[in-house]
Amino acid sequence: MPVIDYVFPYVSNSDPEWQKLFKSTKRDKYAAKNTWSEGDIRYRDFDTLKYFFRGLEKNMPWLNKVYMVVMSESQVPEWVNRETVNIILHKDFIPDSNRPTFNCSEIEMFMPNLPNVSEYFIWGNDDMFFLKPQKVEDWFRNGKPVYYLGYKTFMPTKAPGDWLRITAYNLNRNIFQLSLCTTCQHGPIPYRMSALKAFDKKYHDIMMKSCSHFRENFNLNQWAFADYQILNGIAINEKKNIVSTELNKEKIKHDELWKNSVLCLNDAEGACYIDDAIKHFEQLFPNKSKYEV
């Protein structure tokens, strides 16, 4: 069995140090204030991180190391166990010229620089919860990452998150010469670090030109690495039992939703059902994990 790490970025807008930087950082010239992509609503912490950790311990006991990527030490909750959770600061792998950043896509462009992360690793977010036991073969098979990407003709919509489809189209058109849009099954994605480094070596200038402190339509994101792995035969393209929904959807109340293997709970504007989600989490993960003190 390969050594497999789990890496995830984390941010909380309740941190005074983060708030100060967020307010003082100059917007890129294309950015409009208070848009969907840069509003601080995107950085809220619903106190569900402990359930994320409990899901890892219970359902992925075969993981090697867990890495938490944060802007600064002040972002790490006091209850996080530093003996079992490895902290990577932005300054450890992102150049000074690209910091501070409030853009997950920019952070992802520097994934090839992540220090000490194993050759085989999974990159996910803290809002992606493992509800059922996971097998190694679900994520890596015969040395190949396993995940799902779909390809279809580009069709922009008016959805707030349409920038993802636009950037995916730009990626395929400008790098892979495909007039298609990538659609990713929203969830954790497994990688080979060697593939990321190979992509960086080949397309470094394009990657750097796509960076910005806040989300923009011209950003590339981690789908670039995911595409590269599949198009070069490094990964297996296969649908998985991953369900994604928004916190303002009433379906969170229903038991059926919580029977899935992996559940992604996306932040959304308006009223949310976080209390209902936490009730389900408490039923699934009532006990403290080794990642908590």
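Just so you know, these numbers use all the heavy atoms, side chains as well, and skip hydrogens, waters and symmetry mates.
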How close do [X] and [Y] get, counting heavy atoms only, and between which atoms?
X	Y	value
N81	K290	ND2-O, 3.0 Å
H213	P100	ND1-O, 2.8 Å
F46	C272	CE2-SG, 4.0 Å
D96	R99	OD1-NH1, 2.9 Å
S74	D15	OG-OD2, 2.7 Å
N241	S261	OD1-N, 2.8 Å

Rounded to the nearest 0.5 Å, what's the gap from [atom1] on [X] to [atom2] on [Y]? Could you check?
X	Y	atom1	atom2	result
D227	Q229	CG	CD	10.0 Å
T245	H254	OG1	NE2	11.0 Å
T84	K65	OG1	NZ	12.0 Å
E292	S289	CD	OG	4.0 Å
K253	L257	NZ	CG	13.5 Å
Y120	I122	OH	CD1	13.0 Å

Margin query: Could you walk me through whether F121 and Y67 satisfy the ring pair (Phe, Tyr, Trp, His ring centres under 6.0 Å) test, starting with their C-alpha distance in whole Å, then the side-chain angles of each, then the deciding distance to 0.1 Å, before giving a yes or no?
Written below: CA-CA 10 Å; F121 73 97; Y67 290 91; 9.1 Å; no

Considering only heavy atoms from C-beta outward, does the side chain of [X] approach that of [Y] to under 4.5 Å?
X	Y	result
W123	I189	no
T48	L265	no
F285	F130	no
F225	M207	yes
I252	L247	yes
H90	I107	yes
D5	N86	no
N125	F8	no

Notebook entry, point to check: Between N237 and Y148, does a side-chain contact (heavy atoms from CB on, under 4.5 Å) hold up when you go through it step by step?
Noted result: CA-CA 5 Å; N237 199 8; Y148 180 68; 3.5 Å; yes

Notebook entry, point to check: With a 6.0 Å cut-off on ring centres, are F52 and Y6 close enough?
Noted result: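 That pair passes the under 6.0 Å test.
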
Note to self: Run the salt bridge (Lys or Arg N to Asp or Glu O under 4.0 Å) test against E119 and tell me which residues pass, sequence neighbours left out.
What the structure shows: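 Residues passing salt bridge (Lys or Arg N to Asp or Glu O under 4.0 Å) with E119: R192.
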
Next item on the list: Determine, stepwise, if the pair V117 / I88 fulfils side-chain contact (heavy atoms from CB on, under 4.5 Å).
Entry: CA-CA 10 Å; V117 174; I88 298 178; 4.2 Å; yes

Next item on the list: Check whether more than 12 heavy atoms from other residues, nucleotides or ligands sit under 6.0 Å from atom CD of E282, and answer yes or no.
Entry: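 Counting other residues, nucleotides and ligands, CD of E282 exceeds 12 neighbours.
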
Notebook entry, point to check: Under 3.5 Å, is there a donor-acceptor pair between the side chain of N142 and the main chain of K144?
Noted result: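 Not at all, since once roles are kept as given, no pair shorter than 3.5 Å links the two residues.
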
Next item on the list: Assess whether side-chain contact (heavy atoms from CB on, under 4.5 Å) is satisfied between K58 and N287, documenting all intermediate values.
Entry: CA-CA 10 Å; K58 182 177 180 179; N287 301 319; over 6 Å; no

Checklist line | Common cluster, V66/V3, ILVMFWY with side-chain heavy-atom separation under 4.5 Å | finding: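 They do not share one cluster, since no chain of ILVMFWY contacts under 4.5 Å joins V66 to V3.
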
Check: Can you name the side chain to side chain contact (heavy atoms under 4.5 Å, CB included) partners of L284, sequence neighbours left out?
Finding: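 Partners of L284 under the side chain to side chain contact (heavy atoms under 4.5 Å, CB included) test: L131, W258.
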
Check: A198: what forms a side chain to side chain contact (heavy atoms under 4.5 Å, CB included) with it, not counting sequence neighbours?
Finding: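 With neighbours one apart ignored, the set is Y228.
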
Next item on the list: Describe, in one word, how the ring planes of W18 and F102 are oriented to each other, choosing from parallel (under 30°), tilted (30 to 60°) and perpendicular (over 60°).
Entry: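 Plane angle over 60°, so perpendicular.
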
Next item on the list: Compute both the distance and the angle, then confirm whether K240 meets the cation-pi test with W139: under 6.0 Å from the six-membered ring centre, within 45 degrees of the axis.
Entry: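 Here K240 passes the 6.0 Å and 45° test against W139.
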
Checklist line | Intermediate values then yes/no, side chain to side chain donor-acceptor pair (under 3.5 Å), N103 and N219 | finding: CA-CA 9 Å; N103 181 356; N219 296 148; 2.9 Å; yes

